[in-house]
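Here is how names work: the chains are called A, B, and so on, in the same order as the sequence lines, proteins then strands, and each is numbered from 1.
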Amino acid sequence: MYIYNSLTNKKEEFVPLEPNKVKMYVCGPTVYNHIHIGNARPIIFFDVVRRFLEYLGYQVVHVSNITDVDDRIIEQAGREHVSETEIARKYTEAYVTELKRLGVKPYHHMPKVTDHMNHIIRFIEELIAKGFAYEVEGDVYFRISKLKDYGKLSNQALEHLEVGARITDHDKKENPLDFTLWKKTDKGIQWDSPWGQGRPGWHTECVTMIHHHLGPIIDIHGGGSDLKFPHHENEIAQSEAVAHTPLAKYWMHNGRLMIDEEKMSKSLGNVILLKDFLNQYDGNVLRYFMLSTHYRQPLNYTDEAIRQAQKEIEKVTSAYQFLTHKLDFFDPDGNETETPELKALKDEFIAALSDDFNTPNAISTLQTLLKTINRKIRRSQLTKAELMELRGMRRLLQTFLEVLGFSIAVTHLTEEDKTLIRLKEEARKNKNYELADQYRAQLQKKGIYL
RNA sequence: GGCGCCAUAGCCAAGUGGUAAGGCACGGGACUGCAACUCCCUGAUCAUCGGUUCGAAUCCGAUUGGCGCCUCCA
């Protein structure tokens with residue numbers, strides 16, 4: 001298993017901190033609105049990371065937070081004329097529903113900022129006690145000058161950052177690049193702290209939750225590439241300040257989603273909300289579209305690409321369904337067989353995903369399997385050995401779908417269905433096509449194409 | 001200005017030193033009573049220029065075009 005580590009910019013062999021266990025954290029959304037399809041990329045990708053690691057036998061703990069305290073939530077509350085709590089509740093609920101529709105395995109923990117306020121405050125106190133943070137008039141800032149290697153994840157040199165840093169509004173800071181841990185405020189929702197009423201800064205919540213749920217050092221930390229700086233950089237800074245160990249062994253960053261070669265943004269008016277997409281397409285379609293490009297590459301959303309993905313999903317579904325019906329109809333007894341050909345496909349699939357989660361190649365293998373199935377299944381006469389082989393194919397297909405997270409429902413034949421099929425075949429044999437077509441229509445109505 | 005990424009057939013997309021995987025679309029063919037599903041065949045020298053090498057899409061340099069981050073956007 002090899003993973004490209006954003007921290008070292010190298011593909012490295014994956015060795016978990018503890019044998020067979022993987023602790024993984026992925027930054028979650030700020031619930032001020034419905035999430036958009038760009039947000040879905042890390043969600044889908046890291047779901048596959050987790051699924052594959054589990055397939056390899058690792059015990060994975062997958063944590064992803066919900067940011068339910070933020071300026072944008074306060075603004076949205078103003079717009080919708082309800083409380084921040086209500087905004088957060090509403091969009092959290094929507095988010096959770098959409099995760100299900102995307103077929104994402106439930107996270108082991110989905111911590112909220114509001115449930116961790118005590119931990120956050122305690123964490124900031126510790127930073128102050130250790131000299132890594134300082135309070136100014138109710139605000140608390142992180143003192144980056146105390147760290148030798150600040151900027152190592154994003155490869156930013158301090159002197160260059162300072163040039164580009166904003167000059168306004170940090171007159172209170174020792175260094176313009178010091179970031180906010182606690183912000184004094186008199187508007188919007190606020191909490192009591194040793195520094196007065198206020199809200200935590202964004203960068204502290206993730207570290208706090210990681211430490212709380214997974215410990216001071218984890219295996220994999222994931223997120224969008226645009227979070228590298230400053231968010232992840234600041235997470236590292238805080239964590240190392242307190243724990244004196246690296247926060248994560250492997251940092252993984254997915255590339256951006258573009259819409260028709262353009263950045264998705266409100267100003268361009270091309271934002272596609274996930275819920276709107278899911279009203280039009282199956283969640284599998286988005287998953288297929290996203291997995292068909294390597295996660296570190298930029299991904300361009302076009303209608304054409306979605307159409308192609310949709311077509312592929314239909315192909316997978318029909319083959320899987322047809323195969324299932326075929327096996328139901330013949331109902332062979334005996335075990336499934338894994339031929340050398342199938343074993344080779346399985347190995348190829350594992351090899352693809354073991355190489356920094358090369359999902360495009362894994363999908364390629366899936367397509368080869370589909371072709372293999374379709375070639376065999378088309379024959380009307382099948383020997384028992386061939387049926388056992390088909391069973392092996394179905395097992396492998398199910399494995400591929402499970403690892404990639406496609407949830408495709410298939411039906412099984414009832415005794416009545418089988419009778420209909422026999423009647424249809426008999427009518428055809430007697431060249432009574434009118435009758436055969438009647439039976440066929442009945443069967444097709446139930447989605448049976450045998 | 002700094003850091004970083006991308007450019008492969010009409011479209012999507014692997015491949016990162018040994019003579020370009022796979023898929024979609026198009027076209028041709030097969031199967032079928034008809035239809036659907038399916039299967040087979042068919043296409044590119046890898047943005048441009050230069051260099052390294054026996055050999056480069058793959059390494060180095062330059063150029064062009066596009067993008068991200070450096071402001072709490074995944």
Side-chain angles (χ1 to χ4, degrees), chain A residues 6 9 11 26-30 32 35-43 45-46 67 69-72 151 153-166 168-169 177 179-180 183 199-203 205 222-231 233-234 253-258 261-266 271 288-289 292-294 296-300 302-312 314-315 318-319 321-322 348 352 355 358-368 370-371 373-380 428 431-434 436-437 440-441 444 449-450:
Chain A
S6 302
N9 289 320
K11 225 182 250 187
V26 181
C27 293
T30 300
Y32 71 106
I35 64 169
H36 58 243
I37 53 172
N39 294 299
R41 193 172 189 194
I43 290 171
F45 172 66
F46 287 103
T67 300
V69 176
D70 189 273
D71 287 348
R72 286 169 296 171
L153 175 67
S154 50
N155 218 354
Q156 304 277 357
L158 281 185
E159 51 276 25
H160 292 138
L161 283 173
E162 285 170 21
V163 171
R166 277 195 158 187
T168 55
D169 199 34
L177 292 171
F179 55 90
T180 305
K183 180 168 19 182
R199 289 198 300 275
W202 180 44
H203 305 303
E205 59 178 82
S225 57
D226 48 347
L227 290 184
K228 253 187 179 179
F229 191 92
H231 185 55
E233 201 72 72
N234 291 349
H253 291 97
N254 61 272
R256 300 268 317 193
L257 178 79
M258 314 283 292
E261 308 285 354
E262 282 183 316
K263 174 177 174 161
M264 180 162 54
S265 72
K266 277 183 191 159
V271 173
Y288 190 98
F289 164 66
S292 65
T293 296
H294 187 86
R296 283 190 279 118
Q297 300 281 46
L299 175 59
N300 190 35
T302 61
D303 290 340
E304 175 63 19
I306 295 300
R307 254 197 302 281
Q308 289 183 11
Q310 201 176 10
K311 190 146 188 166
E312 289 299 326
E314 280 164 13
K315 203 167 138 185
S318 67
Q321 180 64 85
F322 195 68
E348 192 180 297
D355 180 19
N358 194 325
T359 54
N361 280 342
I363 283 178
S364 230
T365 306
L366 170 64
Q367 284 162 342
T368 307
L370 287 179
K371 188 164 278 188
I373 289 170
N374 284 330
R375 265 201 287 250
K376 180 132 280 184
I377 211 173
R378 182 156 161 71
R379 298 203 226 139
S380 50
R428 282 187 63 206
K431 301 213 194 276
N432 187 345
Y433 294 125
E434 204 177 312
D437 283 350
R440 185 169 68 183
Q444 289 191 351
Y449 292 86
L450 272 199

When the nearest nucleotide of RNA chain B is assigned to A/K315 and to A/T302 on a heavy-atom basis, which residue is associated with the more 5' position?
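Comparing both residues, the 5'-ward one is A/T302.
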How do A/D437 and A/C27 order along RNA chain B: which one's closest nucleotide is nearer the 5' end?
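Its nearest nucleotide lies further toward 5', so the answer is A/D437.
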Distance-only donor-acceptor check, side chains A/Q308 and A/E312, under 3.5 Å:
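The answer is no; no qualifying pair exists.
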If I pick the [atom1] atom on [M] and the same atom on [N], what distance separates them, to the nearest angstrom?
| N | M | atom1 | answer |
| --- | --- | --- | --- |
| B/rC3 | B/rU48 | C1' | 26 Å |
| B/rG50 | B/rU42 | C1' | 36 Å |
| B/rG15 | B/rC46 | C1' | 11 Å |
| B/rA20 | B/rC24 | P | 22 Å |
| B/rG43 | B/rA74 | C1' | 38 Å |

Take the protein atom CZ of A/R375 and the nucleotide atom C1' of B/rC31, then report the distance between them rounded to whole Å.
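Interatomic distance, CZ of A/R375 to C1' of B/rC31: 15 Å.
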Identify which nucleotide among [options] has an atom closest to any side-chain atom of [X], counting heavy atoms from C-beta outward.
| X | options | answer |
| --- | --- | --- |
| A/N39 | B/rA74, B/rA14, B/rC72 | B/rA74 |
| A/F229 | B/rA14, B/rC40, B/rC70 | B/rC70 |
| A/R256 | B/rC11, B/rA21, B/rG68 | B/rG68 |

If only side-chain N and O atoms of [X] are considered, is one of them under 4.0 Å from the OP1 or OP2 phosphate oxygen of [N]?
| X | N | result |
| --- | --- | --- |
| A/N374 | B/rU38 | no |
| A/T293 | B/rA13 | yes |
| A/R428 | B/rU32 | no |

Does [N] have a Watson-Crick or wobble mate here (both distances under 3.5 Å), and if so which one?
| N | answer |
| --- | --- |
| B/rA36 | none |
| B/rU16 | none |
| B/rC3 | B/rG68 |
| B/rU58 | none |

Give a yes or no on whether a donor-acceptor pair under 3.5 Å exists between the nucleobase atoms of B/rG23, that is its base, and the side chain of A/Q308.
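Pair found.
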